[in-house]
Structure formats: C-alpha cells, structure tokens
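Presented below is the structure to which this report refers.
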Number of protein chains: 2
Amino acid sequence: MGLMQIPRRVDYGLRAVIYLSVQDPERCCSITEIATQQGVPKKFLEKIIQDLIRGGLIKSKRGACGGYTLARSPEEISFYEVIEALEGPIAVNVCMDQHMSCEQLPRCSMVNVWSEVQRKVTEVFTNTTIADLKRKPCRDLIGGSASLSSAA
Amino acid sequence: MGLMQIPRRVDYGLRAVIYLSVQDPERCCSITEIATQQGVPKKFLEKIIQDLIRGGLIKSKRGACGGYTLARSPEEISFYEVIEALEGPIAVNVCMDQHMSCEQLPRCSMVNVWSEVQRKVTEVFTNTTIADLKRKPCRDLIGGSASLSSAA
DNA sequence: TTAATTCAGACCATTTCGGTAGGATAAGAT
DNA sequence: ATCTTATCCTACCGAAATGGTCTGAATTAA
C-alpha cells in the first residue's frame with residue numbers, strides 16, 4: 001500500500017539535514033549524536049550521510065572531535081537536492097524499455113500525464129528549503145493550506 | 001533510480017483500460033487479444049484485470065466468447081480510479097510507525113510537504129479521464145505544456 | 001461434450017529496502 | 001609514539017516487494 005511512499009533513506013537523510021540546520025553551523029555533530037537525537041539507526045544513517053556528502057550538502061571532518069556540518073546555509077538547501085542526492089533524479093514514469101509505435105499504443109498519451117505530475121512534484125520540492133521547515137508550526141497534517149510553495 | 005516510478009501493474013492496467021475504451025463498448029475483448037495488442041504478458045495482465053474488476057472499472061463475461069468490457073464510459077473513469085484499484089490509495093508519506101514528540105523532531109514539518117505533494121498528484125490524476133487520453137496527440141514528451149488538468 | 005474463456009491460487013526468480021558488521025583511515029590528546 | 005575518537009569503505013544479510021509463470025477449476029457458447 002502506498003503508491004508514492006517516501007523511502008526511509010529520504011526521511012532519515014532529511015532529518016539529519018534538518019537537525020544540523022538548527023545547530024551552531026561551526027560545531028561538528030557526530031553520527032552518534034545525530035542518530036540518537038533523531039532516533040535513527042546509526043550505521044544506516046552513516047551510509048545515508050555519505051551520499052549527502054557526495055551530493056555536496058554536508059561537510060565532514062575526520063578524526064577525534066570530527067563530525068558533520070551543513071555545507072551551505074539552510075536557505076540554500078532545497079528538499080529536492082536532498083532527495084536527489086539520496087535517490088537520484090525524480091522520475092515519475094514507467095520504465096521505457098522498448099519504444100513502440102506511437103499510433104497503436106496509448107503509451108505516449110500517458111506520458112503526458114506522468115510528466116505533468118513530475119513537474120508539479122518537482123516544483124514543490126525545489127521551492128521548499130530546509131530553512132522553511134524550521135519555522136513551520138505543527139498544524140493539521142492532512143489537507144493543509146499548503147502555503148509552502150510559491151504556488152504559481 | 002527513480003523515486004516515484006510507476007509500477008508495471010499500473011502501466012499495464014491503464015493500457016488495458018485505454019484499449020477497451022477505443023473498442024466497441026458492447027464487444028467483449030479476450031485477455032489474449034488485449035495482451036497481444038498491447039504487448040503485455042498475458043497471465044500477468046489477467047491478474048491485473050481481476051483487480052480492475054474488483055474496483056468496478058471492468059466487467060467480465062465468462063465462458064466461450066467471453067471477455068472484458070469497460071464497466072462505465074471512458075469519460076467517467078479517471079486515472080486515479082485505475083491507480084487506486086491497482087495500488088490502493090495514493091499515500092505520499094513516510095511510514096508513520098512511531099509517534100514522536102512534535103517539538104524535538106522535524107517530522108511534523110516534513111509532513112506538510114508530503115501532503116502538499118500528495119494533494120497535487122491526486123489532483124492531476126483525478127482530473128484526467130480515460131477519454132481525455134484518447135484524443136491526445138503525441139507531442140513532445142518532456143516539459144510539455146501540461147494542459148491536461150483544469151490547473152487551479 | 002467440447003472448446004474457449006475467465007477465475008483463483010500457489011509458486012518463483014530477481015531486485016529493492018532497511019539495516020548490520022568489521023575494518024581501514026585520519027586526526028586530536030596525552 | 002600511541003591511544004582514543006571519529007569518519008570512511010565494503011561486504012553482507014533477511015525480509016519484502018516486484019514482475020511474472022503455472023496449474024487447474026468453473027463457466028458458457030456452439
């Protein structure tokens with residue numbers, strides 16, 4: 001159940017980034033600290049953070065007193081970047097293995113729907129920054145007024 | 001790769017529904033016909049169509065000269081209904097296993113983003129009917145003008 | 001009765017998901 | 001130097017989902 005469910009990796013990764021965003025930007029947070037504070041499996045989070053480092057969102061310092069900090073300010077990190085660093089580019093589509101004739105198959109007309117969905121999803125994620133999340137109060141969870149994006 | 005990829009089941013199911021929508025509404029189409037015409041694995045499609053029957057979108061007639069027809073007119077079948085019949089309700093969210101304090105965790109602020117995405121996705125799928133697809137020409141596939149939904 | 005068809009269920013191979021384990025490497029503290 | 005604290009890297013692992021297949025029963029037209 002759940003067609004477009006968000007994987008744990010993304011949830012955990014976002015939590016780590018958000019946690020770092022409310023800390024002193026200079027202070028290195030260890031994986032142990034982040035994991036216990038956020039209630040996330042430590043070794044799993046370690047791998048996830050590695051992906052965020054490769055994505056240029058987190059900086060690390062090795063050795064004793066090492067740890068992680070955000071690579072940029074929270075205003076400059078979008079939801080989309082975190083997701084992309086962890087899962088690759090968002091691609092709402094069917095696996096296009098074999099190209100078939102456009103006439104006899106409904107495939108191409110469906111693609112228009114997929115790409116419209118993809119466009120809207122991408123829009124929300126790119127317009128939402130980590131800094132936006134920090135100051136959001138906890139209002140009703142479903143059917144919210146959705147004032148997050150700039151809503152074209 | 002592909003965060004919100006559409007599963008084969010949905011692709012195949014939609015193709016079957018669209019195929020039926022362009023046939024004579026009285027004529028029963030066998031599973032063999034639909035599968036070969038659409039280039040879909042026959043036995044797999046058979047199971048998928050069973051779900052569409054349970055969802056009230058397709059009618060079946062058993063025995064020789066049996067087959068499938070649409071249960072309603074294409075104008076009254078939305079993309080969303082097909083998807084829901086095959087995958088259950090769309091739920092863009094993280095598995096909410098354990099409820100944690102709203103204060104110390106960024107979870108609740110993320111939920112606002114998930115629900116906004118879900119709302120927009122659902123909107124596109126509910127506003128697109130099978131009849132809409134039939135007359136759509138095959139224009140450019142990516143970054144299309146997206147004139148499908150009523151675009152609030 | 002027989003042929004054509006849907007219907008129901010078990011089965012199955014591969015991939016993905018979520019997570020663990022162990023060690024190599026780096027750097028600060030003593 | 002070497003010890004401790006930490007990141008980094010790679011392999012591994014169980015369970016679930018994905019994408020199918022196979023077999024056989026039930027139904028119906030000819």
Side-chain angles (χ1 to χ4, degrees), chain A residues 1-16 20 27-36 38-55 57-69 71 83 86-88 91 94-98, chain B residues 1-16 20 26-36 38-55 57-71 83 86-88 91 94-98:
Chain A
M1 291 297 167
L3 178 61
M4 314 191 99
Q5 197 131 8
I6 301 298
R8 301 289 253 218
R9 295 172 47 76
V10 173
D11 180 40
Y12 292 166
L14 277 166
R15 285 206 242 170
L20 291 177
R27 187 176 139 254
C28 280
C29 302
S30 76
I31 191 71
T32 305
E33 174 188 347
I34 304 173
T36 55
Q38 292 296 314
V40 162
K42 189 168 138 183
K43 297 297 285 183
F44 191 25
L45 183 59
E46 207 177 340
K47 283 203 310 186
I48 294 168
I49 288 189
Q50 289 306 315
D51 288 333
L52 294 174
I53 290 173
R54 292 187 200 98
L57 301 177
I58 284 183
K59 277 186 307 188
S60 68
K61 190 171 145 220
R62 299 181 63 165
C65 293
Y68 305 98
T69 56
I83 293 174
L86 296 177
E87 295 290 314
V94 188
C95 172
M96 296 291 198
D97 36 10
Q98 44 194 351
Chain B
M1 292 296 164
L3 178 62
M4 314 191 98
Q5 197 130 10
I6 302 298
R8 299 292 251 216
R9 294 172 47 77
V10 174
D11 180 41
Y12 293 166
L14 277 166
R15 285 205 242 172
L20 291 177
E26 305 306 316
R27 189 177 137 254
C28 280
C29 302
S30 76
I31 190 72
T32 305
E33 174 187 346
I34 304 174
T36 56
Q38 292 296 314
V40 161
K42 188 168 139 184
K43 297 301 283 183
F44 191 24
L45 182 60
E46 208 178 338
K47 284 203 309 184
I48 293 168
I49 288 190
Q50 290 306 316
D51 288 334
L52 293 175
I53 291 173
R54 292 187 200 97
L57 302 177
I58 284 184
K59 276 186 307 189
S60 68
K61 190 170 145 220
R62 299 180 65 164
C65 293
Y68 305 98
T69 55
L70 284 190
I83 293 173
L86 295 177
E87 296 290 314
V94 188
C95 171
M96 297 291 199
D97 35 10
Q98 44 193 349

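Chain letters run A, B, ... following the sequence lines, proteins first and then strands; every chain starts at 1. All values below come from the heavy atoms of this structure, side chains included, with hydrogens, waters and symmetry mates left out. Just so we're clear, the structure is a prediction, and the values are computed from it rather than from any experiment.
- Atom CG of Asp51(A) and atom P of dT7(D) are 16 Å apart (whole Å).
- Residue-level contact check: Ile31(B) touches the backbone only, with heavy atoms under 4.0 Å from sugar-phosphate atoms and none from bases.
- For the pair Ser60(B) and dC7(C), the criterion of a side-chain N or O lying under 4.0 Å from OP1 or OP2 is met.
- Using a 4.0 Å heavy-atom cutoff across all strands shown, Ile49(B) reaches no nucleic acid atom at all.
- Minimum atom distance to the side chain of Arg8(B) is reached by dG20(D), of the listed dA6(D), dG18(C), dG20(D).
- One finds a salt bridge joining Arg54(A) and Asp51(A) here, because a Lys/Arg side-chain nitrogen approaches an Asp/Glu carboxylate oxygen to under 4.0 Å.
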Reading nucleotides 20-30 of chain C from 5' to 3' and marking B where a protein heavy atom lies under 4.0 Å of the base, S where only the sugar-phosphate is that close, and - otherwise, the string is BBB--BBBS--
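- Side-chain contact between Val40(A) and Ile34(A): absent, with no pair of heavy atoms (C-beta onward) separated by less than 4.5 Å.
- Separating the CD1 atom of Ile34(B) from the C1' atom of dT6(C) is a distance of 12 Å, rounded to the nearest angstrom.
- You'll find the side chain of Thr69(B) stays beyond 4.5 Å of the side chain of Ile58(B), heavy atoms only.
- One can place CD1 of Ile53(B) at 12 Å from C1' of dA8(C), the figure rounded to the nearest angstrom.
- Atom CG of Leu45(B) and atom P of dT21(D) are 11 Å apart (whole Å).
- For Arg62(A), the side chain to side chain donor-acceptor pair (under 3.5 Å) test picks out no residue, with sequence neighbours left out.
- Applying the side chain to side chain donor-acceptor pair (under 3.5 Å) definition to pairs two or more places apart or across chains, those involving residues 41-50 of chain A are Thr32(A)-Lys42(A), Lys43(A)-Glu46(A).
- Note on Tyr12(A): every side-chain N or O is 4.0 Å or more away from OP1 and OP2 of dG18(C).
- Close to dA8(C), at under 4.0 Å from its OP1 or OP2, lies a side-chain N or O of Gln50(B).
- Note: NZ (Lys59(B)) to C1' (dC7(C)) measures 18 Å, nearest angstrom.
- Separating the CG atom of Leu3(A) from the C1' atom of dA17(D) is a distance of 13 Å, rounded to the nearest angstrom.
- Rounded to an integer number of Å, the gap from Leu52(B) CG to dT6(C) C1' is 15 Å.
- Shown here for Arg15(B) and Gln38(B), the closest heavy-atom pair between the two residues is NH1-O, 2.8 Å.
- Within the 4.5 Å cutoff, side-chain heavy atoms of Tyr68(B) are placed close to those of Ile53(B).
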